[in-house]
Participant: 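I'd like to ask some things about the structure below.
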Amino acid sequence: MHAWEAIADAGTAAPDRAAPLLTWLQHTALEDGGLPFALPIADPTACAPFWAQADPNESSLQITAAVTAQAMRAARADEWLRTHPRARRLLDHLAQFVPADGALAVTGAAEGETIHLLDYAPEPGRPIRDYFTTDAVETDLDRLERGQQPDGGWAVDFTSYSAIAALEWRGYATVRAVTTLRRNGR
């Protein structure tokens, strides 16, 4: 997911980087087409339990959707990826696992923890947005605006493994919220 995110953020064509990622996705996807929440971890020392205890043989809608979204972002920057038949088939297949409103409850996580549409489709005009209605996007933009805290920042809805992790994720969430709202004219 983060490799696709880096390619998308760089905004440059990178077929030499995308091709190995597509091959990896093809070999990592499970029989149902989904991706596991985490791959096996040989040494769980200092690893958050949700990573170490994840079942690598069970598809995760959360991870499948997140990887698909970042790959779709990369496809916009990389015309090769956007038009490559194998890439398009894989992305279309993965996208069918995302609900119409874009909200993905995180099974076994903190109460109310949800991956929202704007978490993986934050930018207008990106291919992933084709899978959602305007109303679904506007509803999620309203939700994001309401999430601003009195100090100006945004909190995350997941339980962090440590106080430092919570602080790091809050900064990431705030920058991402402001960027997403601005890109969407809010």
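It should be emphasised that the depicted structure is a prediction, and the values quoted were computed from it without experimental measurement. When a residue number appears, it is its place in the shown sequence, counting from 1.
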Participant: Return yes if some donor-acceptor pair links the side-chain N/O of Asp101 with the main-chain N/O of Ala136 below 3.5 Å, else return no.
Facilitator: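 Not confirmed, Asp101 side chain does not pair with Ala136 backbone.
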Participant: Atom CH2 in Trp4, atom CG in Leu25: separation rounded to 0.5 Å?
Facilitator: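 If I round to the nearest 0.5 Å, the distance is 6.5 Å.
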Participant: Which atoms form the tightest heavy-atom contact between Asn184 and Pro122, and what is the distance?
Facilitator: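 Scanning both residues completely, I find the closest heavy atoms to be ND2-O, 2.8 Å.
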Participant: Donor-acceptor check, side chain of Gln149 to backbone of Gly153, threshold 3.5 angstrom: yes or no?
Facilitator: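 A pair under 3.5 Å: no.
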Participant: In the structure I gave you, are the side-chain heavy atoms of Pro36 and Ser60 within less than 4.5 Å of one another anywhere?
Facilitator: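 No, their side chains stay 4.5 Å or more apart.
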Participant: For Ala103 versus Thr114, what's the shortest heavy-atom pair and its separation?
Facilitator: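 Scanning both residues completely, I find the closest heavy atoms to be CB-CG2, 4.0 Å.
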Participant: Look at the side-chain heavy atoms of Ile, Leu, Val, Met, Phe, Trp and Tyr, link any pair under 4.5 Å apart, and say whether Phe97 and Leu118 land in one connected group.
Facilitator: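 Yes: a chain of side-chain contacts under 4.5 Å links Phe97 to Leu118.
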Participant: Can you tell me if Gln26 has over 12 outside heavy atoms packed within less than 6.0 Å of its CD?
Facilitator: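 More than 12 heavy atoms, drawn from other residues, nucleotides or ligands, come within 6.0 Å of this atom.
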Participant: Shortest non-hydrogen contact from Val137 to Phe132?
Facilitator: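 Reported closest heavy-atom pair: CG2-CB, 4.4 Å.
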Participant: Please step through side chain to side chain contact (heavy atoms under 4.5 Å, CB included) for the pair Arg129 and Glu123, ending with a clear verdict.
Facilitator: CA-CA 8 Å; Arg129 286 281 185 95; Glu123 300 172 54; 5.6 Å; no
Participant: Going through the checks in order, is the side chain to side chain contact (heavy atoms under 4.5 Å, CB included) test met by Leu181 and Glu145?
Facilitator: CA-CA 8 Å; Leu181 290 168; Glu145 279 185 341; 3.6 Å; yes
Participant: Are Trp169 and Trp51 connected in the hydrophobic side-chain network, where two residues link if heavy atoms are under 4.5 Å apart?
Facilitator: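 Hydrophobic grouping puts Trp169 apart from Trp51.
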Participant: Same cluster for Val156 and Phe50 if Ile/Leu/Val/Met/Phe/Trp/Tyr side chains link at under 4.5 Å?
Facilitator: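 The answer is no; the residues belong to distinct hydrophobic clusters.
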Participant: Please evaluate residues Trp154 and Arg170 with respect to the criterion side chain to side chain contact (heavy atoms under 4.5 Å, CB included), reporting the C-alpha separation (whole Å), side-chain torsions for both, the decisive distance (0.1 Å), and the verdict.
Facilitator: CA-CA 6 Å; Trp154 273 259; Arg170 188 161 192 258; over 6 Å; no
Participant: Looking at every non-hydrogen atom in both residues, tell me the closest pair between Leu30 and Ser59 and how far apart they are.
Facilitator: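 Heavy atoms only, the tightest pair is CD1-N, 3.4 Å.
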Participant: For the backbone of Asp43 and the side chain of Thr45, can you confirm whether one donor and one acceptor N or O come within less than 3.5 Å of each other?
Facilitator: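 Looks like no, no N/O pair under 3.5 Å.
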Participant: Within this structure, what is the CG-CD distance for the pair Asp32 and Glu58, rounded to the nearest 0.5 Å?
Facilitator: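 The CD atom of Glu58 is 9.5 Å from CG of Asp32, to the nearest 0.5 Å.
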Participant: So that I know where these two stand, are His116 and Tyr120 an aromatic pair - ring centroids less than 6.0 Å apart?
Facilitator: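 Ring centres of Tyr120 and His116 not closer than 6.0 Å.
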Participant: Side chains of Asp135 and Thr133: is there a donor and an acceptor less than 3.5 Å apart?
Facilitator: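 Thr133 and Asp135 do not have a side-chain donor-acceptor pair below 3.5 Å.
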Participant: Is there a path of hydrophobic side-chain contacts, each under 4.5 Å between heavy atoms of I/L/V/M/F/W/Y residues, joining Leu22 to Leu39?
Facilitator: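 As far as the 4.5 Å side-chain criterion goes, Leu22 and Leu39 are connected within one cluster.
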Participant: First locate atom CH2 of Trp24, then atom CG of Leu35, and finally report the distance between them rounded to the nearest 0.5 Å.
Facilitator: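 Interatomic distance, Trp24 CH2 to Leu35 CG, rounded to 0.5 Å: 6.0 Å.
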Participant: Give a yes or no answer on whether the side chain of Ser160 reaches the backbone of Ala163 with a donor-acceptor pair at less than 3.5 Å.
Facilitator: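 No, the answer is negative, given that no donor and acceptor are paired below the 3.5 Å cut-off.
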Participant: Before you tell me yes or no, could you show the steps for Phe37 and Asp55 under side chain to side chain contact (heavy atoms under 4.5 Å, CB included), namely the whole-Å CA-CA distance, both residues' side-chain angles and the distance that decides it to 0.1 Å?
Facilitator: CA-CA 7 Å; Phe37 184 78; Asp55 184 350; over 6 Å; no
Participant: Counting distance only, does the side-chain N/O of Asp119 pair as donor-acceptor with the main-chain N or O of Ile115 below 3.5 Å?
Facilitator: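 No.
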Participant: To the nearest 0.5 Å, what is the distance between CG on Leu141 and OG1 on Thr180?
Facilitator: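 So the CG of Leu141 and the OG1 of Thr180 are separated by 8.5 Å.
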Participant: Kindly indicate, with the supporting measurements, whether the criterion salt bridge (Lys or Arg N to Asp or Glu O under 4.0 Å) is fulfilled by Glu138 and Arg186.
Facilitator: CA-CA 10 Å; Glu138 290 299 318; Arg186 300 263 183 128; 2.5 Å; yes
Participant: Measure the spacing between NE2 of His93 and OG1 of Thr64 and express it to the nearest 0.5 Å.
Facilitator: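 Reported value, rounded in 0.5 Å steps: 8.5 Å.
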Participant: Do you know which two heavy atoms are closest between Met1 and Ala66, and how far apart they sit?
Facilitator: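 Taking every non-hydrogen atom into account, SD-CB, 3.3 Å.
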Participant: State, to 0.1 Å, how close Thr174 and Gly152 come at their nearest heavy-atom pair, and which atoms those are.
Facilitator: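 Shortest heavy-atom contact: CG2-O, 4.3 Å.
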